[in-house]
2 protein chains.
Amino acid sequence: MGTIYDLAKITGFSITTVSKALNNYSDVSEKTKAKIVQAAADMGYLPNAHAQSLSTKRSWTIGVMFSEANEVGMMHPFFNAIIESFRKATEQQGYDLIFASRNLRNRDMSYLEHFQHRAVDGIVVICSDQMDKHVQELIQSSIPIVVVDMDSTDCSVVFSDNLSGGTLAVNHLYELGHRLIAHIAGDMTIDAGLARIEGYKQAMDRLALPIPDGYLINGGFFSVEEGKQAMQTLLALPKRPTAVFVAGDQMAIGAMEAIHEAGLQVPHDISVVGYDDIEMSKYVTPKLTTVRQDTERIGQHAAELLIEQIVNKRRVMTTDIIPVDLIVRQSTGPVKP
Amino acid sequence: MGTIYDLAKITGFSITTVSKALNNYSDVSEKTKAKIVQAAADMGYLPNAHAQSLSTKRSWTIGVMFSEANEVGMMHPFFNAIIESFRKATEQQGYDLIFASRNLRNRDMSYLEHFQHRAVDGIVVICSDQMDKHVQELIQSSIPIVVVDMDSTDCSVVFSDNLSGGTLAVNHLYELGHRLIAHIAGDMTIDAGLARIEGYKQAMDRLALPIPDGYLINGGFFSVEEGKQAMQTLLALPKRPTAVFVAGDQMAIGAMEAIHEAGLQVPHDISVVGYDDIEMSKYVTPKLTTVRQDTERIGQHAAELLIEQIVNKRRVMTTDIIPVDLIVRQSTGPVKP
DNA sequence: CATTTCACCGAAAGCGCTTTCGATAAATTT
DNA sequence: AAATTTATCGAAAGCGCTTTCGGTGAAATG
């Protein structure tokens, strides 16, 4: 591999000139530049990123943090899709993603500390709750940052239009004739969950539909299992809902399972609409009607926002809301007469 | 944040002593060590990782490469589960993962080049095919490496016992009375796909079952859509199979969809067993019988293998095969009389 | 021809850290 | 008391790169 010194020795120029040639400075002649570039290619020379970072104070890395709140890490299809699209967008600009932990050679440290240590150029945080003090610490720091799927006025945020999403779902159900519409919600500590609840409530209110006791039920942290349990308690209600809007596809799948296990049919007996449009939702039976979040756009937009902050060297606080779509499939149908 | 110089100035010691104190050298008294550590904590000092790497030639980073073969990236639940478990294991030892691309500030480069540039301590490659020259280049390099889900004699590899997996599936079907057993295979360029085919063939042979024309069909790169298509051509066969072993859960889900769309029932008309045991497989209808790969163990073992090479500074070539389990659920049943 | 401009190159400092090796003073041995 | 060991510290070099600033000769200008 060799260093810049080797390259200087081989070509007979100084390391200064070599460096300049490689970095396209204007004060090196085309002829010597060609020689140096050629020699570099011949010996397979590659600049050492650490040396570069040390010298330029620019690491071309972006730290990514997943909240550990609900132990899903990068396994959750939704966050996963976002990070994938984020990755594509950033790598195109020359950035590498680094997943840092809170462990530095057995020294326990915060994410901020770890990111400072790694000298990342920017941070993206995904899948978080407001209460997480690690996230707050990151937001209060001076490193460029963008957070996804959470609301905050102290930094750039991008998330789906969860309010409209909730409304969309409820209205769809209403148009199918449903009046007894329940909501299996995400935990209230999660902004997204909260907004969907709000959307549900507003829509119900606008439609002059009361929300019977027990119809708004906490489904926790969006897992299949929790969705199933929530649905079971919903089924045990004296006045069973004819439709349920579930705040996440995985929960919705759990809910459908509970319904089936109770000997009922979706959508014949109960309609269900999910949220996210994860890949699986179009392959479960029945195919899930759901509110699609535009993960592609969210990830890409987050990337743009972050990189803009990095290159302009100034933090920016914007909140961008990405529209959602209702995808009607087979899990919703007209209410039974 | 400050540098080691600031810390030296504050405490009155030389940077040498400060560095030693922070790194637990024995030739610094307990008293001064305490002072320095305290001062470091007070000013929130954190060593710059790039400077450290430059000096020690150790970056405490591991490069991860996903093959781009089938465009799934980190979205595939199986690879995703592996990388997650790998991450946990490595971060516990103080390593950070870095996802590098082939783009370095608009200069196209190979993964190896990128990893050299970043000076990673080791590499893990996931989800690959033998033909990928990027992977081959990595394997031939001198950087410690471990590859997952692929076979090779030139480096450490760890993958599932796909041969047994195929056999397990076929035998299970046989015991249920099936004799017309088809196989929707993964592409033959993928080692895992190939081994499962082999397992299928061997099992059929041992059971003295012929493999009718068209019963061994290529399902491509494990996507739902490809599985569906493969199943459709299987259904069009003059002599339809009563059971099908599918080389991946996503393909199996596609296959079941094709079956349902043809107006048939799983497992009543056709039994299907998948491969992987992705999370969703226990939530589709009917719940999928499948061969479970122990992603937890694969990831963890890969991590151990890699770290061992890193600390011992020598490459090692082992091939470790992780056992699989047959998980019987509802997509398989006795053959129709 | 003298002067100014311009194109091209290199010395040197600096980025923040580690590590070798020598220096000093205190403690221990003879 | 002299010689030796031990404990503690720091100077300096080095890791591989960027960037400022000045220097040189050739070309352009008067």
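The chains referred to below are lettered A, B, ... by the order of the sequence lines, with proteins before strands, and numbering in each begins at 1. These values consider heavy atoms only, across backbone and side chains, with no hydrogens, waters or symmetry-generated copies.
For DNA chain D, the neighbouring residues in residues 26-37 of chain B, judged by any heavy atom under 4.0 Å, are B/Asp27, B/Val28, B/Ser29, B/Thr32.
At whole-Å resolution of the value, NZ in A/Lys9 and C1' in C/dG10 are 16 Å apart. A/Tyr25 has its OH atom 16 Å from the P atom of C/dG10, to the nearest Å.
For the pair A/Arg297 and A/Glu304, the salt-bridge criterion is not met [side-chain N within less than 4.0 Å of a carboxylate O].
A donor-acceptor pair shorter than 3.5 Å cannot be found between the side chains of A/Glu296 and A/Ser85. There is a side-chain donor-acceptor pair under 3.5 Å between A/Thr17 and A/Ser14.
Closest approach of B/Gly2 and B/Tyr45 over heavy atoms only: O-CD1, 3.6 Å.
Within the nucleic acid shown, A/Thr3 comes within 4.0 Å of sugar-phosphate atoms alone, with no base atom in reach, counting heavy atoms only. Using a 4.0 Å heavy-atom cutoff across all strands shown, A/Lys20 reaches at least one base atom of the nucleic acid. Among the atoms of the strands shown, only primed sugar atoms or phosphate atoms (P, OP1, OP2) are found under 4.0 Å from some heavy atom of A/Thr56. Heavy atoms of A/Phe13 sit under 4.0 angstrom from primed sugar atoms or phosphate atoms, though from no base atom.
Residue whose closest nucleotide on DNA chain D sits further toward the 5' end, between B/Ile15 and B/Leu54: B/Ile15.
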Using the rule given for ring pair (Phe, Tyr, Trp, His ring centres under 6.0 Å), can you reason through B/Phe78 versus B/Phe222, listing the C-alpha separation, both sets of side-chain angles and the distance that settles it, and then say yes or no?
CA-CA 11 Å; B/Phe78 171 67; B/Phe222 301 89; 9.1 Å; no
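The CZ atom of A/Arg315 lies 8.0 Å from the CG atom of A/Asp154; values are rounded to the nearest 0.5 Å. For the atom pair OG of B/Ser29 and NZ of B/Lys35, the computed distance is 8.0 Å after rounding to the nearest 0.5 Å. Considering CZ of B/Phe115 and CD1 of B/Ile123, their distance stands at 5.0 Å, rounded to 0.5 Å.
Of all nucleotides in DNA chain D, those with any atom nearer than 4.0 Å to a heavy atom of chain B start and finish, going 5' to 3', at D/dT8 to D/dG16.
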